[in-house]
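Take a look at the structure below.
All ligand and atom numbering here is 1-based and tracks the order in the structure. FYI, the numbering just counts along the sequence from 1.
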Amino acid sequence: MRRLAKKTIFNIRPYVPGKPIEEVKRELGLTRVIKLASNENPFGPSPQALRAVVKALKQVNRYPDSGCYHLRRMLSHRLRVAPQQLVFGNGSDEIIVLAVRAFVREGDEVVVAKPSFLIYEIASRIAGARVKAVALKDFCYDLQAMKRAVTPRTRIVFLGNPDNPSGKYLTQRQVEDFLKGLHKNVLVFMDEAYYEYVRARDYVDSVQLLKAYKNIIIARTFSKMYGLAGLRIGYGIADEEVIDCLNRLREPFNVNSLAQTAAVACLNDQSYYRNVGLKVDRQRRWLYDNLRNLGLKYVESYTNFVLIDMQTDASRVARRLLKKGVIVRDMRPWGLKNYIRVTIGTEPENRKFLKALKEI
Ligand SMILES: *Cc1c(COP(=O)(O)O)cnc(C)c1O
């Protein structure tokens, strides 16, 4: 049957997710396992959101609201954009996929950073696109080089902001300079999955840029700070015309009812999430201090994860940590052969990670 499948699906190496806790317990016969591999919120979603989900469970016999009415109204209000400037997805991954399916034809080009979030590349290759990957410079985007990589065939430039795995962000100034003089036919996809974690004052206000630029798509998610990774919900913000294109491709019931209910409840509990942000900030500083004491270098991050230079084969380190019940990301497949990526966990989780790290 393989020969009957579209050729482009063989252009990709499938995405390998972080190992689930249960799987590691089963495979290694461990009883206590912590996962610091997928940048989830270890404190869980707001209790208010959980209560809302339990209540909404009684109605799962009904199809969800295809238009995400309540969530759309709420976000449109908060972001000061028209309701028609929003599209919702089964995670923000789906927004990436929709953008590629709507705008990238076979033989077109996309520009990504290297290393960056793998879904940009995977979705583009499936569409039959040529992927131009521009190396990071000192773990930051080389925007000049990325602009030079744009040709008349380029449909999308992907900017992870902050990016994964680097944890670095782009400033207002950098993004504006990039957009100026870029051909208006090139879409700039700004993936802001970690938006809620960024404290920096000069972080770009991308929604405000939509007033001047119609060729931007912004993606945000409830998977990271909001702690709803398992429910799958994210959204895109763009010009109405762009959103209309994505909506045409979207499956009518792509966002389930529990996710919609939970997302609304999360937005209504900002004080809970402010506290999550503070805890992550504190734990990240704690981790930095301890890594420095161990003589380990790390890449300063503006998110809830950190790249650590192990100064030795990262795959080996990750395997040995796994045996001690700590799941981290081996960054070798991203071309960072000595790096692991570690999500900031709860205080006990971070202590367990550090203890395991010291032991090996
Ligand atoms: C986690 C992540 C996403 C998307 O996650 P969803 O769960 O699909 O919303 C998107 N981009 C980056 C850079 C991420 O790290």
Looking only at side chains, do Asp163 and Tyr194 share a donor and an acceptor under 3.5 Å apart? no

Check your understanding: Does Gln260 reach the main-chain N or O of Val255 with its side chain, forming a donor-acceptor pair under 3.5 Å?
Key -> yes

Margin query: Between Arg319 and Asp330, does the salt bridge (Lys or Arg N to Asp or Glu O under 4.0 Å) criterion hold? Intermediate values first, please.
Written below: CA-CA 8 Å; Arg319 265 200 312 276; Asp330 165 19; over 6 Å; no

- Side-chain (Asn304) to main-chain (Asn39) donor-acceptor, under 3.5 angstrom: yes

- Query: Short question: side chain of Thr8, backbone of Ile126 - any donor-acceptor pair under 3.5 Å?
  - Reply: yes

> Going by distance alone, is a donor N or O of one side chain under 3.5 Å from an acceptor N or O of the other, for Gln172 and Asp202?
Replying inline: no

Counting only non-hydrogen atoms and a 4.0 Å cut-off, the residues near ligand 1 are Gly91, Ser92, Asp93, Phe117, Asn164, Asp191, Ala193, Tyr194, Thr221, Ser223, Lys224, Arg232

